[in-house]
Every structure is written in C-alpha cells, then in structure tokens.
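The structure under discussion appears below in the form of structure tokens.
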Amino acid sequence: VGEISIPSESLIGLIVSVICVAILMLLFRYTKIGLAMRATAEDLQVVQSVGIRATTVYAVSWVIACVLGVIGGILLGGVSGANMDLANIGLKAFAVVLLGGVNSVGGAIVAGIILGMLENVAAGYLDPLLPGGALAQVFPFFVMIIVLIFRPYGLFGLVRIERV
Amino acid sequence: MALGIGTFQENYAQDMSIFHSRLQWGSLLAFLILLFASPLFLSDRMLTILTMMGISVISVHGLNILTGYCGQISIGHAGFMAVGGYTSAVLCAKLGVPFWAALPCGALAAGIAGLIFGLPSLKIKGFYLIMATIAAHFIIIWTVIQLHSITGGADGLSLPRAKIGSISLSTKTNYFYLVMVLACVATLLAKNIVRTRAGRAFIAIRDNDLAAEVMGVSFGATSCRLFLSVVSMPEWPGPCSFTTTVSQVPTSFPLWIQSGTWGC
C-alpha cells in the first residue's frame, strides 16, 4: 500500500461539494422554502391556492441554481483551469440529472459518479477502436438517449412523468 | 393574412384563400418582383447577405412548424441541418451525384434522422424532449467527425462547384436565384401544411394533447409524420449552404444556430 497525493484544489473541491450537497438535501427535506419548491414543481395551481408565492419560489430556485453553478465553476476552474470549455461540463450535467432523476439530490450524486466512471471507461477502452476518438465528449449524451427511451424518470426520480 | 376593413368573405373559396384583397396580392407581387430583380442593382456583398437570409427563412419554417405549431421544442436542429448538408455534400463530392438529385436526398436523410431521434418523443415531452434533442445534436456532430473517411472529419469536405444542367451555381447571382426560389416554395409549403388536416392536428396537439387524443388525433402517427416532414424541410438550406462556403465543416452547424428563430 503506497501513498496517494491529492492536489489541494481537488480536496477543497470535494469537501465543498459534499457540504453543498448536504445543505441542499437538508434544504429540500426540512426548510419551508425547500418544501415550497418541491410542492411548486408538483402542482403549481395547488401551491397558489394554499397561499405560497410561486413567483418567490421560482426566484429563490433560480438564485440557488446560479449560486451552485458559480460554486461549481470556481471549483472546476481551480482543478482544470478556467477556459471556454468549462461550458461543456454544464451540458453534460443534463445527462447526470436525467440519469439520477430530475427531482432527486441523492440521485444526482450516484448518477454523477456512474457517468463520470462510464465516461472515462468508455474513453479508455473504446477510443482506440474509433478513428476520431474523443468518445468522452459525447458518451453522456448516448447515455441520455438510452435513459430517456427506457427510464425517463431516471434512477431515483419520481415515477410520475409528463407522458403522452 | 388579416382582413382589411370592408372586405368580407362571402363563400368558401374566399374563406380559404391566403390573400383576401387586391392590395395584398399587389404587395406580394411587388415584393417578389423587387426580390427577383435585386441582383440587377445590388452589390455582391448585399446578395450574399440576402442569400443567407433566404437560407435562414427555409430553415426557420421547419422549426416554426415543429415548435410554434406543434409545441415540440427542438434544440438539435443544427444537427439535423448537418445531416442534410453532409448527405448531399457527400453524394455530390464522392459519388458524383448531380446537385439537383442530391438536394432531395439530403432532405430525406435528415428527415429519417429526425424520425429516429423523434421516436423517444412518442413517450416523452417538454423538458425530456428538449434533452433528447440536445443529445441528438451532439451525437450527430460527433458521428460526422467520426466518419473521417467519408465526411473529412473536422477538416471538412471540399466540394465541386454545384451546377444544375449546364447552369453553374457558383456565381452569386445564380445561387441567389436558387435559394430564393426554394425559399418561396418552402414558404408556400409551410403556409399550406399548417392549413391541412395534419397541420390542424399539430395545433390540436400543441394546445392540449389529451383532448387531441380523445378527439381521434393520434399523437404517435402525427408526431412521426411531423418529425419526418418538418425536419426534412429545413435541411434544404444544409445543401444550400455548402455551395456558398465550398467546404463543409462541422463547426458551421453550431448549437446556437437556432437561437432566435422561434417565431409564431
């Protein structure tokens, strides 16, 4: 058993993201605003009729989303340097969200780990077989299509889905 | 077309007509004459701009029917455009198919691609459909780069000058005329598609899919037909654009191509 060296940026990133996810899970489980957000996602009309301000809920959810995005961006910039390619991570995040289930914080963690591993395994084993390579760039999107066809609500999402 | 003051529709033919008054017919004619005469007095630069506008018009018609009339949001349209563009480009450059034959082939290929990626849309809608089309975009562009021996990969594909019969389309004026004729045909087609039985089915599905289904509009069949017909239409500009740029490069179909193209 040897030693592993972890760069301080990655360690900070890991700790901060764990804290963020923990706060988010607590927020959705226990606080008033978190519950209001879940209710709004469920049924807008019911929420309005019980006296919750849907506009405030939307505003707060945008704020949370942007702040979390910024935190992610800062951490990512620390790890891989800040450049325009950081935007691609945001698009891949959709695949993670869908695999984990759209309204499941825990699912996002599991799906994030699964997709991150899948992506690198696919790149490692399949890239040499392909002429152009760069499978890691699009692999999350293949997963996304498969998830959408067979299990649109993801691994841990609510099964109720807008279906036709 | 809006009815002018004092114009009344007295029979069914009048009710179904697109233009209701002489003024409307007159302004259409004046516009068309001005459009088709413009190469006589406009500079090459202005012609290029007008040509790009025509290409955008064709492309937007497809997106308009898909998103505006049927309420199915497609973010992957640039990908479908790439399918159309590359199919006809490869047919022209590698197989020596004449330009006029490669054009509908490209449209058909894009239609089939739209159908393939539209199949999940039978089960999903809204947010999930948007995700599926985003995935379609990235997968298509990636596939284009992968098929290096056929499409030239990221370096693009250099093409012979397009021509129809003995008329070369490489001059700006001839190319302008081709695009404008196609744009006019596409506009007429789009206008009439939304007036047919299928078009009314699209609108019914957009407004309330459950009610449409109850009234006998089959969502599956309709949206299949929709993806095939609609997605194949905007692919005309795909082949169109390659003759202006002479080479076909994957980056000429960015994800942002359709931003700001959702009309009503």
Side-chain angles (χ1 to χ4, degrees), chain A residues 40-42 44 61 65 84-85 87-104 108 111 115 118-119 122-123 126-154 157-164, chain B residues 70-73 75-76 79 113 116-155 205-206 208-214 217-224 226 250 254-256:
Chain A
T40 313
E42 194 85 15
L44 180 61
S61 62
M84 292 310 290
D85 290 340
N88 292 340
I89 303 281
L91 286 169
K92 282 182 194 167
F94 283 130
V96 175
V97 168
L98 282 175
L99 181 62
V102 174
N103 42 17
S104 156
L115 261 181
L118 268 183
E119 197 181 307
L126 295 178
D127 259 7
L129 307 176
L130 295 164
L135 184 65
Q137 304 285 328
V138 287
F139 198 73
F141 297 106
F142 282 105
V143 175
M144 201 152 118
I145 289 276
I146 294 168
V147 168
L148 281 174
I149 292 174
F150 294 107
R151 209 179 156 88
Y153 41 89
L158 273 182
V159 179
R160 188 190 64 85
I161 184 182
E162 294 178 55
R163 244 171 204 286
V164 191
Chain B
C70 202
Q72 307 236 324
I73 297 172
I75 307 284
I116 293 171
F117 284 104
L119 281 181
S121 84
L122 300 184
K123 288 172 73 179
I124 54 180
K125 64 177 189 177
F127 172 73
Y128 297 91
L129 183 62
I130 299 175
M131 291 298 110
T133 54
I134 287 186
H137 170 85
F138 283 100
I139 291 173
I140 288 173
I141 298 290
W142 179 77
T143 312
V144 165
I145 297 175
Q146 283 302 308
L147 300 172
H148 194 279
S149 53
I150 304 172
T151 61
D155 305 329
I205 286 175
R206 175 197 65 189
N208 193 331
D209 47 23
L210 205 61
E213 190 92 33
V214 168
V217 178
S218 160
F219 182 83
T222 309
S223 60
C224 271
L226 174 80
L255 180 59
W256 303 271

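Each chain gets a letter, A, B and so on, in the order the sequences are listed, and its residues count up from 1. Values below: all heavy atoms of this structure, side chains included; hydrogens, waters and symmetry mates excluded.
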> Which pairs pass salt bridge (Lys or Arg N to Asp or Glu O under 4.0 Å) with one or both residues in residues 90-101 of chain A, sequence neighbours excluded?
Replying inline: A/Lys92-A/Glu119
Smallest separation among heavy atoms of [X] and [Y], with atom names:
X        : Y        : answer
B/Ile134 : A/Phe141 : CG2-CE2, 4.0 Å
A/Ile145 : B/Ala135 : CG1-CB, 3.7 Å
A/Met144 : B/Met131 : CE-O, 2.9 Å

>> Classify the ring geometry of A/Phe142 against B/Trp142: parallel below 30°, tilted from 30° to 60°, perpendicular beyond 60°.
In response: perpendicular
